[in-house]
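Shown next, in structure tokens, is the structure this report addresses.
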2 protein chains.
Amino acid sequence: MQTQGQVRSANLAAALACLRDGGPRSRARLATDTGLTKATVSSLVTELVERGLVAEGAVHRPGSVGRPGTLVGLAGGVCGIGVEVNVDYLAVLALDLAGQVRWESRTALDVPGLRPVEVLARASALVSEARANQAAAAVGVTVAVPGGVQGSVVRTAPNLPGWVGTDVAAGLAGLGLPVTVGNDADLSALAEVSAGPHAGVPDLVYLTGEVGVGGGVVTGGQLLRGSTGLGGEVGHLALTPGDAPCGCGRRGCWETVVGLGALLRAAADPDDPLRDPGRDLEDRLGEVVARARAGDARTLEALAGIGTGLGVGAAVLVALFDPAVVVLGGYFAVVGEFLLDPLRAALAARVEDADRVALSTLGFTAAVRGGAHVALQPVFDNPTIVPLEASA
Amino acid sequence: MQTQGQVRSANLAAALACLRDGGPRSRARLATDTGLTKATVSSLVTELVERGLVAEGAVHRPGSVGRPGTLVGLAGGVCGIGVEVNVDYLAVLALDLAGQVRWESRTALDVPGLRPVEVLARASALVSEARANQAAAAVGVTVAVPGGVQGSVVRTAPNLPGWVGTDVAAGLAGLGLPVTVGNDADLSALAEVSAGPHAGVPDLVYLTGEVGVGGGVVTGGQLLRGSTGLGGEVGHLALTPGDAPCGCGRRGCWETVVGLGALLRAAADPDDPLRDPGRDLEDRLGEVVARARAGDARTLEALAGIGTGLGVGAAVLVALFDPAVVVLGGYFAVVGEFLLDPLRAALAARVEDADRVALSTLGFTAAVRGGAHVALQPVFDNPTIVPLEASA
DNA sequence: TCCCATTCGTTCGGTCCCTGCACTATTGTC
DNA sequence: GACAATAGTGCAGGGACCGAACGAATGGGA
């Protein structure tokens, strides 16, 4: 904060944040809510409308006497774009300022079979398609990758080993947009606190079950990053002195207990089609759910084992982070109905309040949604970065 | 941020923070460092001097041509006061804005044997003594208590059960100063990042060994609090399926493995004077160190066991929080020379970078120092809360 | 010895933005 | 139909910062 020019930005941001958090309202109401005067708010709203960030809505009938106000609310003039690069697909989602999904696509792609440069070129084309198919101007792109990231460079990627060292932002530089890169679980955690039933919760832990186990932690409204960007990485917690070897070279990591491999090994013999690595993952998960619903004892037992293992680890996370809720995503959410009871039982044996577990409702769009949200963040921080005729 | 009046506060705060973080310098240098103009900085410095927060120092000889500048730096016009209520003592420390300790006292007191009201009256008298014996005007008091706190009310206190429900701020209301209350380990963690070898480290975990084990976690420069203020409470982590019963009613909590009781049980038979609860704790710890230095096998083995247990738990903390350093305080620091090797060995088996462990150098003043630092924080956030003639 | 380049710190006019008040616009109630 | 109540907009005023110009203090060179 240095010049009074930044006062303007700060007040524009305050008004925008107020409209985001509390919904549309009249200028007069906005004035009392922000503590600014009506005159100032009038001027701020005029500028925000000129930048395409805010739009006038219907006339508000307050039911009482006096002149009715004109509602103003967030407009869809600009959007942020989230991209997810995962093992077998690319996903893109465009979210406008008002929180509406403007574009969504998901494309199967054998990512490990291609060079990163080729994958990023494909992703770039998908982003261009998203920009062309809806009116909002894109302000930024955030890419979710299944691994650790420093800056825009992938540092660790257990499931995409060929991507280590890849500068993802450089691969998308052709778009002419700011590109940021993040861990998929971290971005999913941000999606959970920005939309859905846990919107606005400042302390939340997100767990995603994939081949490994990913985690994203939000504390005090901020994503926990740690000194090297590896904070909240729960997959390789050494919780039990178990002997199962892990891909990381050590033994007893949490993901050897609750990862997808552990579930499939417990639920099916090696020659069972469930164990066929060539089959589509969602198909196999669907079959697990079908068997469990049919009451198959072995499947139910395997799921209960995963639930208990989740509870043991979640107990540590609850004790350390004290989140309001632990959200389960990825495959955990798909089979969640069979996990919650044993999970809560294991949790109740170890911590005070075992009731703070929920299943994600965002499904597989969590990471892209979180990415789009992150891409929009600079606009909320400083609305003046959007030019004046964005959607005049 | 709403009015341009707050611009002034923000810029005063920016200048003050700059001087705190980078040391004294000339006005011209401060202008380039803050990005403000010389004219503005001149005005800001004048006001800060009038508030007693900044003082002119020696003339700076830059060695090159040109008029030499006058150094300005943080002054000792105001101080924050930290108070620690613990099982067997009260401690008070006054820290001025420049980071100098202006007053320090520690008084033995049988806290469990008195009513909280009486203890707080005693603490209030000690604070008044501190205010009377040094010139800086006190701006606030922060009280460290060994337990969980919500607002200013003690919620959990394993070692001071009679304090649950006590409103600590109310007990010190007679001072006429803002009073905040915090957990002792949390405040110690803040002390570690505000002074000493780890000053400025944004991601740090502090562990303190007492009867129990306390923890304070700083991530992204912020204290981790969690949704109910219990974040970072490491003592009751369920790490091992051990059978040792814990005071919390469960089994296998970390503090049953590495707490002071575990050390003494492992190091001495029940009739050993070390196990005499009537003896002073520091005496007993001194004897442990003496025996270890003399090469006593049983003592060394017990300490190695504690070190290994610490490493097992620290591995979880390192994996989740990814701190730049884990600082050991309390009794861990006293016997630290015998803990570090087994601790690092256990850590190295579980995480990548096992070298981020250090012993606290602040000793038993960590909590009060952290408290005083917290008490000063509002001044750095908004220097205008200090009246204009603080030390005219 | 004297002058000048260089750097520090202050003074002064200008600009931007918020504030407070006055004023118009619009609606419901008596 | 008059009045009260609420919404939104113009206008003068003031506070804070910026840029430029100026005096102050020092070292170096002729």
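So you know, we letter chains A, B, ... as the sequences are listed, proteins then strands, and number each from 1.
Atom CZ of A:Arg225 is surrounded by 12 or fewer heavy atoms from other residues, nucleotides or ligands within 6.0 Å. Crowding of B:Arg20 atom CZ: a count of heavy atoms from other residues, nucleotides or ligands under 6.0 Å exceeding 12.
A close approach under 4.0 Å does occur between a side-chain nitrogen or oxygen of A:Thr70 and OP1 or OP2 of D:dG8. Neither OP1 nor OP2 of D:dC17 sits under 4.0 Å from any side-chain N or O of B:Thr40. Regarding contacts with the backbone of D:dC17, a side-chain N or O of B:Arg8 is found under 4.0 angstrom from either OP1 or OP2.
When atom types are taken as modelled, the side chain of A:Gln134 and the backbone of A:Ala130 share a donor-acceptor pair closer than 3.5 angstrom.
Rounded to an integer number of Å, the gap from CG of B:Leu44 to C1' of D:dA16 is 10 Å. Taking atom CG of residue B:Leu12 and atom P of nucleotide D:dG15, one finds them 16 Å apart after rounding to whole Å. In this entry the distance linking CD of B:Glu56 with P of C:dC8 reads 15 Å, nearest Å. As rounded to whole Å, 17 Å separates atom P of D:dC22 from atom CZ of B:Arg67. If you take CG of B:Asn11 and P of D:dC17, they are 5 Å apart, rounded to a whole angstrom. Distance CD (A:Gln6) to C1' (C:dC18): 16 Å, rounded to an integer number of Å. We find that CG of B:Leu48 is positioned 15 Å from C1' of D:dA16, with the value rounded to whole Å. In this entry the distance linking CZ of A:Arg29 with P of D:dA5 reads 20 Å, nearest Å.
Toward the 5′ end of DNA chain C lies the nearest nucleotide of A:Ala39, the other residue of the pair A:Ala39 and A:Val59 mapping further downstream.
Note on A:Ser43: nothing from the nucleic acid sits closer than 4.0 angstrom, heavy atoms only. Looking at heavy-atom distances under 4.0 Å, B:Ser26 makes contact with sugar-phosphate atoms alone, never a base.
Nearest to the side chain of A:Leu36, among D:dA24, C:dC17, C:dT19, sits C:dT19. For A:Thr37, the side-chain atoms get nearest to C:dG20 when compared with the rest of C:dG9, D:dA7, C:dG20.
When B:Leu19, B:Leu16, B:Leu12 are each tested for a side-chain contact (heavy atoms from CB on, under 4.5 Å) with B:Leu53, only one passes: B:Leu16.
Using a cutoff of 4.0 Å between basic side-chain nitrogens and carboxylate oxygens, A:Arg27 and A:Glu56 are scored as salt-bridged.
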